[in-house]
Amino acid sequence: MWLGFMALVLALLVLDLGVFHKGNKEIEVGESIALSAFYITLGLAFGGFVWWQLGSQSAVEYVTGFVVEKSLAMDNIFVIAMIFGFFAIPRKYQHRVLFWGILGVIVLRAIMIGLGATLVAEYAWVLYIFAAFLVFTGVKMLWWGDHETDLAKNPLLLWMKRRFNVTDELHGDRFFVKQPHPRTGKMVQFMTPLFMALVLIEIADVVFAVDSVPAIFAITTDPYIVYTSNIFAILGLRALYFALAAVMHRFAYLKQALAVLLIFIGSKIFVADLLGWGKFPAEWSLAVTFVILAAGVLFSLWKTRGEARHDQAPVA
């Protein structure tokens, strides 16, 4: 099952970069919506495979994990848009950055999930720490919200500029370029803004994984379900970004819904213990997850219903 899953992921990555997006081009909204729908359908269909191999309980846990991880990935999209805007990365180069970013995420998530699975297997009480952390994070998001980030003052970005040679302008789709050093005149390697954007996107995912990995472990401790639901949620992140980049303002209250979701996921472990259940029912967990997210999306669309028309240029 592990080998089959990895073969599928590799085939999707090769098909994506080697066939569909071989050259640099802008990804249109229609194409991104179709690709996003394809990845979501594929991710949900994999739940049928899990049902066939591991049973209905595991399938429900997988779908719950997939939905939660996909929802939490929305926060990633907001940050990615901010990074691309800061570095002024043209749309035709954004897919290349996101492709290599996703590839790095697959490896980083494997390491983090492997460590998490080992800790949970050896020390069951770690789950309660994960749960308490999720509740704390959700409450913090709900009441204090997110602070505006000034990327120009980002410590990692400032350190890279001091430590390495960095160009001020893009050089096509290249991450590195050789050019004369301004002081010595020698040909040396320079980082381009495209590579710096890639580094910040990778670091951003590590930060978000601190929330998402404990969240999936609060749903199930099966490493196979944890990893596959994570990766299927991430694989469609590129397509989802291009589909939603222009309408992100319509999801203004989704962060609050995600905060409530984190509180629910973390607290259900304690609720199950208090009620003497072995585990919180997976079907209930999936139903509550859908209700919370649907409420957040519908409320956002309702509250921002006039903004899309307001932002449009008047017709001459």
Side-chain angles (χ1 to χ4, degrees), residues 8-9 12-13 15-17 19-21 25-47 62-85 89-106 108-109 146 197-198 200-202 204-209 211-213 215-216 227-258 261-262 289-290 292-294 296-298 300-301 304 308:
L8 176 61
V9 170
L12 288 171
L13 291 173
L15 193 66
D16 193 334
L17 191 65
V19 178
F20 293 140
H21 305 106
K25 66 171 186 176
E26 290 192 23
I27 298 180
E28 301 297 333
V29 174
E31 180 186 356
S32 59
I33 291 174
L35 275 174
S36 188
F38 166 74
Y39 278 113
I40 290 172
T41 302
L42 186 63
L44 292 174
F46 192 80
Y62 166 83
V63 173
T64 305
F66 174 76
V67 171
V68 168
E69 293 300 320
K70 198 73 172 176
S71 304
L72 292 175
M74 288 292 291
D75 252 4
N76 264 7
I77 292 177
F78 287 101
V79 174
I80 289 169
M82 181 177 63
I83 292 171
F84 281 152
I89 307 296
R91 282 178 63 88
K92 64 179 180 179
Y93 300 140
Q94 290 176 5
H95 180 271
R96 185 165 190 263
V97 176
L98 290 177
F99 176 85
W100 291 107
I102 297 300
L103 205 59
V105 167
I106 290 173
L108 290 171
R109 289 290 175 101
D146 293 333
L198 174 62
L200 289 187
I201 287 173
E202 294 287 4
D205 181 76
V206 172
V207 173
F208 282 114
D211 290 337
S212 64
V213 171
I216 188 66
Y227 190 62
T228 53
S229 60
N230 252 266
I231 299 308
F232 269 117
I234 290 166
L235 278 174
L237 188 61
R238 298 186 311 282
L240 193 61
Y241 167 77
F242 288 108
L244 298 179
V247 293
M248 281 187 217
H249 64 283
R250 298 299 309 275
F251 298 94
Y253 295 90
L254 186 60
K255 285 183 181 289
Q256 284 81 352
L258 293 177
L261 183 60
L262 288 177
T289 297
F290 270 119
I292 292 172
L293 293 175
V297 170
L298 292 174
S300 294
L301 294 175
T304 60

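With a 4.5 Å cut-off on side-chain heavy atoms, Tyr227 and Ile106 count as touching. Residues Leu258 and Leu262 are not in side-chain contact: their nearest non-hydrogen atoms beyond the backbone lie 4.5 Å or more apart. Contact check for Leu12 versus Leu42: side-chain heavy atoms found under the 4.5 Å cut-off. In this structure the side chain of Phe38 never reaches within 4.5 angstrom of the side chain of Ile33, judged on heavy atoms.
Of the possible polar contacts, one joining the Gln94 side chain to the Ile89 backbone as a donor-acceptor pair under 3.5 Å is found. A donor-acceptor pair is defined here as one N or O able to donate and one able to accept, closer than 3.5 Å; no such pair exists between the side chain of Tyr241 and the backbone of His95.
Residues satisfying the side-chain contact (heavy atoms from CB on, under 4.5 Å) criterion with Val63, sequence neighbours excluded, are Leu44, Val67, Leu286. Residues forming a side-chain contact (heavy atoms from CB on, under 4.5 Å) with Val297 (at least two apart in sequence, or on another chain): Phe251, Leu254, Leu301. Taking Phe232 as the reference, Phe5, Phe46 meet the ring-ring contact (aromatic ring centres under 6.0 Å, His included) condition, with sequence neighbours excluded. Every residue meeting the side-chain contact (heavy atoms from CB on, under 4.5 Å) condition with Ser300, not counting sequence neighbours, appears here in chain and number order: Tyr253. Listed by chain and number, the residues in a side-chain contact (heavy atoms from CB on, under 4.5 Å) with Leu298 amount to none (sequence neighbours excluded).
Once rounded to the nearest 0.5 Å, the distance linking CG of Leu35 with CG of Leu240 reads 11.0 Å. If you take CG on Leu8 and CG on Leu235, they are separated by 8.0 Å, rounding to the nearest 0.5 Å. Taking OG1 of Thr64 as the start and CD of Glu69 as the end, the distance is 11.5 Å to the nearest 0.5 Å. We find the CD1-CD1 distance between Ile201 and Ile83 to be 5.0 Å, quoted to the nearest 0.5 Å.
When all heavy atoms of Ile216 and Ser229 are compared, the pair lying nearest together is CD1-OG, 3.5 Å. Residues Phe99 and Leu13 come closest through the heavy atom pair CE1-O, 3.5 Å. Closest approach of Val97 to Leu198, counting heavy atoms only: O-CD1, 3.5 Å. Between Glu202 and Gly101, the shortest heavy-atom distance links the atoms OE2-O, 3.0 Å.
Judged as a salt bridge (Lys or Arg N to Asp or Glu O under 4.0 Å), not a single pair has a partner in residues 33-46 (not counting sequence neighbours).
Of the candidates Ile80, Leu98, Asp205, Ile80 is the only one forming a side chain to side chain contact (heavy atoms under 4.5 Å, CB included) with Leu237.
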